Participant: 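Please see the structure below; I have some questions.
All of these numbers come straight from a predicted model, not from anything done at the bench. Both ligands and their constituent atoms are indexed starting at 1 by order of listing.
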Amino acid sequence: MKKISRVPLTPLLKRFKFFFDLVKRTTDAYMFCSDLQNNVVMLSPGMVQEFELPAEVLEDMDSYWSPLIHPEERGFYLATIRDVLEGKNTGEYFREYRVKNRKGEYVWIRATGQVGTDQEGRPAIFVGMMNKMARRNKADEITGLLNKYQFEHSVKMALGEFRATGDGGAVMVFGLDNFKIVNETRNRTVGDMVLKHVAKTVADILPQTLTLYKLDGDEFGLIYPKATEEQVAGLFTAIQGSLAQPTLIGGQNFFCTVSAGTVFYPQSGKDYLVLHKHAEAAMDIAKQDGKNRNCLFSKEQYNRWVRAISLRDSLRASVEAGCAGFQLYFQPQVSARERKLIGAEALLRWQNAKGRMVSPMEFIPILEETRLIIPVGKWILREALVVCKKWRQTQPDFRVSVNLSYEQVRDPGFQEFVVECIKESGLPPEAVILELTESKIVADWNFVNQQFAVFREQGIAIAMDDFGTGYSSLSSLKNLSCDIVKIDREFVKKILESDFDRRLVKYTVELCHSIGLKSCIEGVEGQAEYELLASECGADSIQGYLFGRPEAVPDFEAKFLHGSVMAME
Ligand code: C2E
Ligand code: MG
Ligand code: MG
């Protein structure tokens with residue numbers, strides 16, 4: 001850099017100095033005011049500091065400035081400045097380019113300026129400012145929509161609008177359901193075509209006042225000022241509707257669903273990063289809730305989501321530590337007529353690293369979703385068989401019921417593992433009952449039945465769990481080849497008061513019997529319920545707090561194993 005001596009202000013700049021000094025205090029932007037005919041410029045101190053320029057008043061600014069400009073934009077910059085100097089641009093000036101700052105990093109700046117002419121019409125003064133851009137304002141390369149940096153800018157503008165006028169609104173992000181599959185099963189070119197199609201289709205149906213932005217990956221964003229919940233719901237339905245129409249892409253008919261997360265500002269955040277994070281979390285929740293929906297952000301749901309994430313991490317750590325923190329409890333199962341102990345259901349328990357017990361209703365879905373249920377399921381089966389073996393020494397016909405998630409059944413090594421495991425345990429296959437817990441989500445009954453057929457041939461019984469909880473229970477009964485139906489507590493809770501519920505249980509048991517299935521009634525808590533179920537409803541076996549809660553092995557042994565007729569609690 002050439003040596004600099006103090007450059008005096010020119011008379012023209014002196015005329016503007018008072019004003020310039022006032023304005024520069026009101027803005028973070030970098031300001032410049034240039035006397036074009038004398039080639040002297042006056043700069044704001046922030047600009048001098050950021051780009052390590054030698055002084056606030058400089059002669060021949062471009063000898064300092066142009067070396068700092070990124071080579072890709074330098075030629076263009078010099079050409080536009082030449083236009084200014086030669087009087088070819090006497091109006092508004094607008095440029096975006098990269099400049100190296102004092103840390104040696106290139107930052108994008110947006111320069112806007114105005115050229116003023118003297119009485120002869122020659123360019124005399126060039127005044128303007130430069131704003132550092134978070135990133136360059138540019139369209140997304142695939143879709144042509146404004147990109148995530150522009151989205152960020154616009155959300156910030158909307159928040160500014162709220163501060164100025166008090167008007168809030170909504171920020172929505174949405175992603176295509178199963179887009180990964182398009183990329184994996186077709187190719188990226190088709191993936192890009194899909195994104196283009198979605199961008200165009202959605203942009204076409206948006207009200208004119210709304211802009212669609214393309215965010216990372218397969219995600220899009222929208223800002224909806226002054227929106228109500230109904231308007232957001234209407235907008236989402238319109239987006240769903242537009243994408244449900246099949247369109248030919250890459251030679252195949254394509255249509256898709258989307259999952260969205262919406263956050264209202266200022267209620268759920270007054271800061272871009274917070275709003276964006278919350279909208280993304282809501283979208284994630286929408287995806288977990290079965291996709292093809294819009295989830296409105298709520299603090300409670302968000303806290304649950306954050307908790308699920310931390311739960312996921314600690315569960316993974318437990319599994320990696322050889323299933324540390326997991327334990328099996330056993331709940332007695334009793335023959336309905338004789339009230340004799342016939343077996344027990346193994347129920348998984350988990351303590352987190354701080355020693356707190358977490359409910360299975362909370363951690364089992366996470367084990368399933370992360371597929372950690374596969375290694376944990378193997379641990380459960382091994383443990384349950386060891387315990388059953390031991391208890392059969394006291395009670396030779398004792399049977400253990402082990403819960404199975406669909407995810408486990410779908411695992412390729414599952415069948416072989418179960419067969420081997422039982423063989424190694426030395427137990428006869430009749431000692432084991434496998435309970436399929438979430439039959440309502442089974443997508444491929446043929447496959448499940450094929451897997452179970454091998455078990456049933458060997459004598460391992462299959463139970464359908466939770467009958468009566470899902471709306472598809474009857475169809476599951478039709479689809480699953482099984483030996484035992486476990487009727488859920490939901491079904492029996494009200495049999496004392498409700499004649500209808502009593503008949504429903506009775507007919508379900510009869511239906512089971514008529515096709516050769518046994519029934520086990522779960523969740524029996526009271527003596528009167530029990531009596532009704534055993535006599536009038538004709539249930540085969542009972543499992544419930546009336547006969548015993550799930551217990552750890554030593555407690556189960558002490559309470560239940562040393563007397564064969566069950567005492568009432
Ligand atoms: P499930 O298989 O239907 O197990 C029965 C649930 O009902 C157990 O809850 C049990 O404690 C509860 N229960 C039993 N009798 C009564 C009663 O009289 N009254 C009431 N109110 N509740 C009763 P738990 O242990 O919390 O397990 C919940 C669910 O978690 C299980 O429902 C099962 O779907 C799942 N689960 C538990 N252990 C395992 C496992 O090892 N593997 C898999 N895949 N799922 C499991
Ligand atoms: Mg069960
Ligand atoms: Mg059940």
Participant: Of all the heavy atoms in K486, does at least one lie under 4.0 Å from an atom in ligand 1?
Facilitator: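 No heavy atom of K486 comes that close to ligand 1.
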Participant: Got an N, O or S from N403 under 2.8 Å of the Mg ion (ligand 2)?
Facilitator: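 An N, O or S atom of N403 is closer than 2.8 Å to the Mg ion (ligand 2), so yes.
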Participant: Which protein heavy atom lies closest to atom 6 (C) of ligand 1, and at what distance to 0.1 Å?
Facilitator: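 Residue, atom and distance for the closest contact: E522 OE2, 4.5 Å.
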Participant: Please classify the D466 to ligand 1 contact at 4.0 Å (heavy-atom distances, strictly less than): side chain, backbone, both or neither.
Facilitator: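 The part of D466 near ligand 1 is the side chain, not the backbone.
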Participant: Can you pull out the closest protein heavy atom to atom 11 (O) of ligand 1? Residue, atom name and distance to 0.1 Å, please.
Facilitator: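 Protein heavy atom with the smallest distance to atom 11 (O) of ligand 1: P550 CG, 3.4 Å.
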Participant: Is ligand 1 under 4.0 Å from a heavy atom in the side chain of T437, in the backbone, in both, or in neither?
Facilitator: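 Only the side chain of T437 comes within reach of ligand 1.
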Participant: Which bit of L367 is near ligand 1, meaning a heavy atom under 4.0 Å away: side chain, backbone, both or neither?
Facilitator: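 Near ligand 1, L367 shows nothing, with every heavy atom at 4.0 Å or more.
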Participant: Relative to ligand 1, is P360 under 4.0 angstrom through side chain, backbone, both or neither, heavy atoms considered?
Facilitator: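 Near ligand 1, P360 shows its side chain, while the N, CA, C and O stay back.
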Participant: Pick one of side chain, backbone, both or neither for how L347 approaches ligand 1, counting any non-hydrogen atom pair under 4.0 Å.
Facilitator: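 Both backbone and side chain.
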Participant: Considering all protein heavy atoms, does one lie under 4.0 Å from atom 22 (N) of ligand 1?
Facilitator: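 True for atom 22 (N) of ligand 1.
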Participant: Are L341 and Q395 packed together at the side-chain level, in the sense that at least one heavy-atom pair is separated by less than 4.5 angstrom?
Facilitator: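 They are in side-chain contact.
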Participant: Of all the N, O or S atoms in D465, which one sits nearest to the Mg ion (ligand 2)?
Facilitator: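 It is OD2 of D465.
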Participant: Would you please determine whether R549 falls within less than 4.0 Å of ligand 1 on a heavy-atom basis?
Facilitator: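 Contact check R549 vs ligand 1: negative.
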Participant: Name of the E345 N, O or S atom nearest the Mg ion (ligand 2)?
Facilitator: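 Going through the N, O and S atoms of E345 one by one, OE2 ends up nearest to the Mg ion (ligand 2).
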Participant: Tell me the protein heavy atom at minimum distance from atom 46 (C) of ligand 1, and give that distance in Å.
Facilitator: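 Protein heavy atom with the smallest distance to atom 46 (C) of ligand 1: I364 CD1, 3.3 Å.
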Participant: Name whichever N, O or S atom of E435 ends up nearest to the Mg ion (ligand 2).
Facilitator: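 Among the N, O or S atoms of E435, the one closest to the Mg ion (ligand 2) is OE1.
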Participant: Please state which protein non-hydrogen atom is closest to atom 12 (C) of ligand 1 and give its distance, to 0.1 Å?
Facilitator: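 Result for atom 12 (C) of ligand 1: Y545 OH, 4.4 Å.
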Participant: Tell me which protein heavy atom sits closest to atom 28 (C) of ligand 1, plus the residue, atom name and distance to 0.1 Å.
Facilitator: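 Minimum-distance protein heavy atom for atom 28 (C) of ligand 1 reads M361 SD, 3.6 Å.
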